[in-house]
Amino acid sequence: MRILQLHSNYIVYKPVEKEINIAEDAAKEETKVDEVVVLFTAIEEGDNAAMAQKAINDARAFLGKIKANRILIYPFAHLSSNLSQPSQALAIIKDMEAYAKEKGIDTFRAPFGWNKQFTISIKGHPLAEQARSYAPQAAAAAPQEGAPCEAKKEEEPVSAALKAEDTMKSYWHILQTDGSLVPIEEYKFKGKSNLQKFSQYEIKKTRAVTQMPPHVPLMKRLEIADYEPGSDPGNVRWYPKGRMIKSLLESYVSQRVAQYGGMEVETPIMYDFHHPSLSSYLNRFPARQYVLKSEDKELFLRFAACFGQFLMAHDAQFSYKQMPVKLYELTRYSFRREKSGEVVGLKRLRAFTMPDCHAFCVDLEQAKKEFNIRFDLCISVLDDIGLVKDDYEIAMRFTKDFYAENKEFIASIVAKFGKPILAEVWNERFFYFALKWDLNFVDNQDKAAALSTDQIDVENAKRYGIQYVDEKGEKQYPLILHCSPSGALERDIYALLEKAYREQMKGNSPMLPLWLSPTQVRLIPISDKFLDKVEAIAQQISAKCIRVDIDDSSATLQKKIREAEQEWIPYIIVVGEKEIESGTLSVRIRELKGKQEAMTAEQLIAAVQAKIAGKPFKPLPLPMYLSKRPVFHG
RNA sequence: GCCUUCGUAGCCUAGCCCGGUGGGGCGUUACCUUGGUAAGGUAAUGGUCGCGGGUCCAAAUCCCGCCGAAGGCUCCA
């Protein structure tokens, strides 16, 4: 059974013609029902009375939520390609009607078996349109989270939703490293528990424990970021340490994209709601936008870099000789007005920073080649950020046909990755991309969050009028690759904190990668007497682009060490008479669970430099002396 | 948007069920302590108990409304 449920201001319908001989009797007159939840209903093979009751119960629950009590059961065959016998369908429709009346719902019903015409006015609120399916193997559409810019086909809302029902049915498989597809029910997840968790999350949306995600108290305690009650939910404040971490990530990802050949640009963060290229599908999703009014204009805040880059590419002139043309922007910020209940810590924000790199390619061959290069780029960037293959799972999404025609290509990517991945297969292409992959971090609550992603867009060049000149001097539409090599940077920090927490649970010392640690080396003088000498050591180390600070507070030595450990500082050095006289430092190394090793300042510098080679550097974001620092979080 | 839970000092939190002077810890400040690898001592500081209304002799506590937050649901272009 399939039901499209629409909360409507009104519906007017009129039976036009009998379509089947068992059609019910009805007058060919208009009927108008106001303030009603319309249930367009298709009865499928195998449906029964129990299902009818279930459907009505769900509708009742919905009525409760929206504080309404009127439904119209509207037989609507076009929702399914697997309809039951008409006689049976009519019986079930009548069951639904009788049960609904029994439950005290103000129930209307449109006649069965007629070709009807109707006009409907749908309420704009977020819950107004819902589709439900009671087929035994009903599968929901996958979330398209993390995608840089998703646009749907421009069609009437109702028919688009119906089409979605038809074509968006997902078939889930595990794509093995040899390129073969195994239906998910048949796959043995032995030893691949993260993949299993991720698959569960994608398919069933199972929600496990009720608990605050561990990274939230961590981001506060480490003075990285915090909620900002004075803003909108999901717009966070960044303390000096967090700002430095984020800034390093920004520099690093931009540097890697530049090396890859991306040309960095900057585009506006707000766009005209009524621009012809943009307005067509935005109107359908006003609830997700930040909208602002400026004089007589309506503007929306971008949710990805696509708009600016596409408008720029539209006006640019380029030929196959320059392609692939790669544009890059670090969006600070992208805005998505996620529902208040969906915003969580650094995992899901309303304003976030996302690197977004588009490559305009001449054809599928070139796109595939580029896709491959960018796949390696993504994996490598995340690896340097501190997230490795054990930390995430990959999903790839494509149509049956695309798989059939590009099997070797897809197989080569999985083989390169070296781990099985989740595959979502559609019968028909519904989204604008032909192929998409996304990389998903699995957190301590067994929830997944998309980081890197890339996709081959086959539609937007036309939509935005982006053209290149081919060998014959003719204009052609390019394919567009959309890639975010790291995903949202806030989300990378979320993943790093969640990973650190997991390490802690395993009994290891949680920490951030050395190049991202706000303080890399902490010096603790045993007494004020040594402050001058300690500062000399600090100058020596910091001259080599290493972030070093000095705990000159009046706390005891033990307490200073404890506090340094709680700040996850990688190297802690107590300096007293022994060290100053011998020149040998006793370095407490966090990575080795606090083991102390003797080394000179030069040796320490060399060791740190070796570990952070190739990474950007920012100086200490706070005063070197701890006594000069304000406390940002109790 | 719905449901649930929660709003007490910069931070964490007790007290609320069963109404009667709001308690502790961290931090901060001062003084003592200058200590050799995960919490030294003493004192001071800091509260429209989220906001508004009601009940009551009396409200942090009970009732109603509102605001905010978190989690869940739904949703996620």
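Per chain, numbering begins at 1; letters A, B, ... match sequence-line order.
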**Q.** Whichever of A/S627 and A/F632 has its nearest RNA chain B nucleotide further upstream toward 5'
**A.** A/F632
Q | Interatomic distance where CG belongs to A/L349 and P belongs to B/A69 [whole Å] | A | 14 Å
Q: Mind calculating the distance between CG (A/D551) and C1' (B/U34) to the nearest angstrom?
A: 13 Å
**Q.** Parallel, tilted or perpendicular, as decided by the 30° and 60° cut-offs, for the rings of A/Y464 and A/F310
**A.** perpendicular
(Q) Is there a side-chain contact between A/E565 and A/R588 in this structure, where contact means two heavy atoms from C-beta onward sitting under 4.5 Å apart? (A) yes
**Q.** Set of residues satisfying ring pair (Phe, Tyr, Trp, His ring centres under 6.0 Å) with respect to A/Y494, sequence neighbours excluded
**A.** A/H215, A/F441
Q.
I need the NE2-C1' distance between A/H215 and B/A70, as an integer number of Å.
A. 12 Å
Q.
If I pick the C1' atom on B/C62 and the same atom on B/C18, what distance separates them, to the nearest angstrom?
A. 11 Å
Q. What's the NZ-P distance between A/K436 and B/C76, to the nearest Å?
A. 13 Å
**Q.** Separation of the C1' atoms in B/C26 and B/A39, to the nearest angstrom
**A.** 11 Å
Q | 5' precedence on RNA chain B between A/G234 and A/D528 (nearest-nucleotide basis) | A | A/D528
Q. Could you state the CZ-P distance from A/F352 to B/C76, rounded to the nearest angstrom?
A. 16 Å
(Q) Restricting to side-chain hydrogen bond (donor to acceptor under 3.5 Å, both in side chains), what partner residues turn up for A/S586, sequence neighbours left out? (A) A/Q596
Q) Looking at A/R629 and A/D549, does any basic side-chain N land under 4.0 Å from a carboxylate oxygen? A) yes
Q | Interatomic distance at P, B/G19 relative to B/C57, whole Å | A | 15 Å
Q: Indicate yes or no: does A/K595 engage A/E597 in a salt bridge with an N to O separation below 4.0 Å.
A: yes
Q. Mind checking whether A/F307 and A/H275 have ring centres under 6.0 Å apart?
A. no
**Q.** Atom-pair distance (CG on A/D226; C1' on B/G68), nearest Å
**A.** 15 Å
**Q.** Nearest-nucleotide pick for A/V631, side chain only, options being B/U28, B/C76, B/C11
**A.** B/U28
Q: Using the C1' atom on both, measure B/U13 against B/A60 and round to a whole Å.
A: 14 Å
(Q) For the C1' atoms, the ones on B/A9 and on B/G46, what distance do you get once it is rounded to whole angstrom? (A) 5 Å
Q: Please list, chain by chain and in numerical order, all residues satisfying ring pair (Phe, Tyr, Trp, His ring centres under 6.0 Å) with A/F352, sequence neighbours excluded.
A: none
**Q.** salt bridge (Lys or Arg N to Asp or Glu O under 4.0 Å) assessment of A/R429 paired with A/E459
**A.** CA-CA 11 Å; A/R429 186 168 63 77; A/E459 280 185 5; 3.0 Å; yes
Q) Can you check the A/Y239 OH to B/G10 P distance for me, whole Å? A) 13 Å
(Q) Using atom C1' in both nucleotides, what's the gap between B/U5 and B/A59 to the nearest angstrom? (A) 23 Å
Q.
I'd like to compare against my own output: the B/S/- annotation of nucleotides 36-41 of chain B with a strict under-4.0 Å heavy-atom distance to protein.
A. BBBBB-
Q: Sticking with atom P, work out how far B/U61 lies from B/U21, rounded to a whole angstrom.
A: 14 Å
Q. Considering residues at least two apart in sequence or located in another chain, which fulfil the ring pair (Phe, Tyr, Trp, His ring centres under 6.0 Å) criterion with A/F632?
A. A/Y239
Q) How close or far is atom P of B/U28 from atom CZ of A/R629, stated in whole angstroms? A) 13 Å
Q: Dot-bracket notation for RNA chain B is requested: 5' to 3', Watson-Crick or G-U wobble pairs only, both distances under 3.5 Å, with ( ), [ ], | and . as defined.
A: (((((((..((((......[..))))((((((.......))))))....(((((..]....))))))))))))....
Q. Expressed in whole Å, how much space separates the P atoms belonging to B/U33 and B/G23?
A. 33 Å
